[in-house]
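Heads up, the thing below is written out as structure tokens.
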Number of protein chains: 2
Amino acid sequence: MINNYELYKVFYWAAKTGSLTQAAKTLYLTQPSVSHAIKQLEDSFGLILFYRNSKGVELTQEGAVLYSYIEKSQILISLAEEKMAALKNLDNGELRIGGSDSLFKHYVLPYLEDFHEKHPGIKLHLNHGTTPEVISFLKEGRIDLGVVRMPIVDSQLEVRESFQLQDCFVAGARYAELKDMVLSLEMLLKYPIILFSRNSRARMAITEIFQSYGYTIKPEIEVGSVDLLIEFARRGLGISYVTREFVSKELEEGSLFEIQLDVPLPPSHVGIMTMRNMPLTSAASRFIELVR
Amino acid sequence: MINNYELYKVFYWAAKTGSLTQAAKTLYLTQPSVSHAIKQLEDSFGLILFYRNSKGVELTQEGAVLYSYIEKSQILISLAEEKMAALKNLDNGELRIGGSDSLFKHYVLPYLEDFHEKHPGIKLHLNHGTTPEVISFLKEGRIDLGVVRMPIVDSQLEVRESFQLQDCFVAGARYAELKDMVLSLEMLLKYPIILFSRNSRARMAITEIFQSYGYTIKPEIEVGSVDLLIEFARRGLGISYVTREFVSKELEEGSLFEIQLDVPLPPSHVGIMTMRNMPLTSAASRFIELVR
DNA sequence: AGGAGCTATAGATCACGTCTATGATCAATA
DNA sequence: TATTGATCATAGACGTGATCTATAGCTCCT
């Protein structure tokens, strides 16, 4: 039984319309083509599928049995094609993004809102984790793209730089005397420092910066979230190292102020990370395009 | 979306085996053909369906969605093909026969038993009725073939003569004096005659025979079934006109005897009737072949 | 009798499905 | 590190078979 499945499409329409001529029109074929196709099917089964009469065709008993299967099959294919079109049009589908909570909250969110408004049919899945975790998610295929701090050096990954973040040291009212001063790193280190505890890119970056100047930065307090970094600084428990964009509200309202240093802190870059040589879903491509 | 459904077969096997090479082997194609087929599908949707890696292929999110539909569709087609093969092999199906009760009982039954033994998967449907009723059944498509007395003159029908029946007059002990006599039609008519009441072929035939000899046969008793014809004759209510083959048991055991006439009664022919120019089901063809 | 449907058949044509040959990439070996 | 053996992709050639046009045959209806 080596049948061309295309024949079933012809059979389906012939049965559905009850006319080879009609089927031909539906399929943009000529009537003899349809006639021939049906004949092929009949020959392959060794069974007659249609009664031919002057008004058209009618299923035989055996043709009716075949139709009961083929009809369902063809409907499934139609549904599949509709679904594919919907996926392509982004009427449908899902987008799975990995990244840190703070990046989601302060940076990715507006893009997600925009994306969701434009494509309300796409389900969004956010998976937060540290940069190494996000990389694993990506490699395991659990997310479509990751939003992480650069640089990422991994030959399996492709990273599109998307924007810069400026990290800085901030303090609260308790250290008001520093507000108008320009501190050296050495001076800064005399104060209690609050850093993000986890093995994050930001933490690594600041450690390296201090090392490049010959100092070692050792935090008084380590916390597990950006929110705590901010809260601890506000309460005067120390000076927090935090992304400036994440505390813009506090800086504005004056509950925190930025410590001015005599050396520049290099900005950190945020990138959108995907698997290299792996095709993206339409939704993922669209999102990246939107963020650009 | 004008897609060749053949591509879905290729897609199905590629997804199922996780390898274009394997799919090619399954489908007796070469790997480039499969590769090309998948590419066509992808292009037609504008979506990537597989991740290609050095071990084979893996469905993308969108490919997985497609597969969820196509898998069911392909399974239905496989089932359909199996079913068709079963119908062809007569492992399966139904055979609907029309005819008179008496023909079924005395003539068709052994063939049906034989058929059923050879093809136990075929469901048998027997519809009894008079010849005109059976013809209607056939034209309405309610039966596949009819077993009736010939001649049938209907251009829509095709009749295969299959065997002869000899009708005759029989009587019981009450008319024992006739056993060794040879009667003329005129003499016969002096006795009470029992005929089948319904507008049957047999009734028409005997009427015509008498008319051709210039007589009119008028029954004393009309009954509605062959069984009653026999029973009435046995009980001596008259002389029944009945098919000899239907009373072979009674003739043998002596409860009935055949009246000898001085003119021959022409045999009646039984035929298997089908719609002309209408294909037969495999089961019907097989049955006819068996009866021959 | 003629016309308007329908399907079947015959024969020609050419698109396209399939092939072979080869390249590119990757992973697991030696 | 080079080698081998998988994988899939690409290019180009080939030939089959799907499709076409033209026509016939049939049935029903006017």
Side-chain angles (χ1 to χ4, degrees), chain A residues 2-44 47-60 63 139 141 154-158 275-279, chain B residues 2-44 47-60 63 139 141 154-158 275-279:
Chain A
I2 308 290
N3 245 336
N4 188 326
Y5 282 15
E6 194 68 3
L7 298 178
Y8 292 123
K9 182 159 64 182
V10 178
F11 169 77
Y12 173 68
W13 284 103
K16 193 181 168 83
T17 60
S19 154
L20 303 195
T21 306
Q22 277 309 308
K25 283 180 185 163
T26 307
L27 296 166
Y28 304 104
L29 294 175
T30 59
Q31 170 269 316
S33 297
V34 173
S35 191
H36 184 235
I38 298 299
K39 190 151 198 43
Q40 279 185 76
L41 260 192
E42 290 182 327
D43 289 349
S44 84
L47 295 170
I48 303 296
L49 299 172
F50 289 103
Y51 297 118
R52 278 77 163 171
N53 58 49
S54 63
K55 298 198 157 133
V57 295
E58 202 178 337
L59 287 169
T60 60
K139 290 187 178 175
D154 189 319
S155 63
Q156 290 184 59
L157 303 179
E158 183 168 345
M275 292 296 285
R276 183 180 301 281
N277 296 332
M278 285 281 209
Chain B
I2 309 290
N3 247 335
N4 188 325
Y5 282 15
E6 194 68 2
L7 299 179
Y8 292 123
K9 182 160 64 181
V10 178
F11 169 77
Y12 172 69
W13 285 103
K16 194 180 168 82
T17 60
S19 155
L20 303 195
T21 306
Q22 277 310 308
K25 283 179 185 164
T26 307
L27 296 166
Y28 304 102
L29 293 175
T30 57
Q31 169 269 317
S33 297
V34 173
S35 192
H36 184 233
I38 298 299
K39 190 152 198 42
Q40 279 185 77
L41 259 193
E42 289 182 328
D43 289 349
S44 84
L47 295 170
I48 302 296
L49 299 171
F50 289 103
Y51 297 118
R52 278 79 162 169
N53 57 50
S54 63
K55 297 197 156 133
V57 296
E58 201 178 337
L59 287 168
T60 60
K139 291 188 178 172
D154 189 318
S155 64
Q156 288 183 62
L157 303 179
E158 181 169 346
M275 292 297 285
R276 185 180 298 283
N277 298 330
M278 285 281 209

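Naming: A, B, ... by sequence-line order, numbering from 1 per chain. Keep in mind it's a predicted model, so treat the numbers as computed, not measured.
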Over how many whole Å does the gap from [X] atom [atom1] to [N] atom [atom2] extend?
X: A:His36; N: D:dT21; atom1: NE2; atom2: P; value: 16 Å
X: B:Leu7; N: C:dC16; atom1: CG; atom2: P; value: 12 Å
X: B:Lys25; N: D:dC8; atom1: NZ; atom2: C1'; value: 14 Å
X: A:Ile38; N: C:dC6; atom1: CD1; atom2: P; value: 16 Å
X: A:Asp43; N: C:dT9; atom1: CG; atom2: C1'; value: 14 Å
X: B:Glu6; N: D:dT16; atom1: CD; atom2: P; value: 18 Å
X: A:Tyr51; N: D:dT27; atom1: OH; atom2: C1'; value: 18 Å
X: A:Tyr5; N: C:dG17; atom1: OH; atom2: C1'; value: 17 Å

At under 4.0 Å, does any side-chain N or O of [X] touch on OP1 or OP2 of [N]?
X: B:Arg52; N: D:dA9; answer: yes
X: A:Thr30; N: D:dC20; answer: yes
X: B:Ser35; N: D:dA9; answer: yes
X: B:Thr21; N: D:dA6; answer: no
X: B:Ser54; N: C:dT25; answer: no

Within this structure, what is the CD1-CG distance for the pair B:Ile48 and B:Asp43, rounded to the nearest 0.5 Å? 8.0 Å
By nearest heavy atom, map A:Asn53 and B:Val57 onto DNA chain D; which one lands nearer the 5' end? B:Val57
With hydrogens left out and only the distance checked, is there a donor-acceptor pair under 3.5 Å joining B:Gln31's side chain and the base of D:dA9? yes
Report yes if some heavy atom in the side chain of B:Val57 is under 4.5 Å from a heavy atom in the side chain of B:Tyr51; otherwise report no. no
Can you find a heavy atom in the side chain of A:Val10 that is under 4.5 Å from one in the side chain of B:Tyr5? no
Looking only at the side chain of [X] (C-beta and beyond, no hydrogens), which of the listed nucleotides [options] gets closest?
X: A:Pro32; options: D:dT10, D:dA18, C:dA8; value: C:dA8
X: A:Lys55; options: D:dC29, D:dT10, C:dT7; value: D:dC29
X: A:Leu29; options: D:dT19, D:dT21, C:dT7; value: D:dT19

Between the side chains of B:Lys39 and B:Glu42, is the shortest nitrogen-to-carboxylate-oxygen separation below 4.0 Å, so that they form an ion pair? no
Could you give me the CA-CA distance, side-chain angles and deciding distance for A:Phe50 and A:Leu59, then say whether side-chain contact (heavy atoms from CB on, under 4.5 Å) is met? CA-CA 4 Å; A:Phe50 289 103; A:Leu59 287 169; 3.4 Å; yes
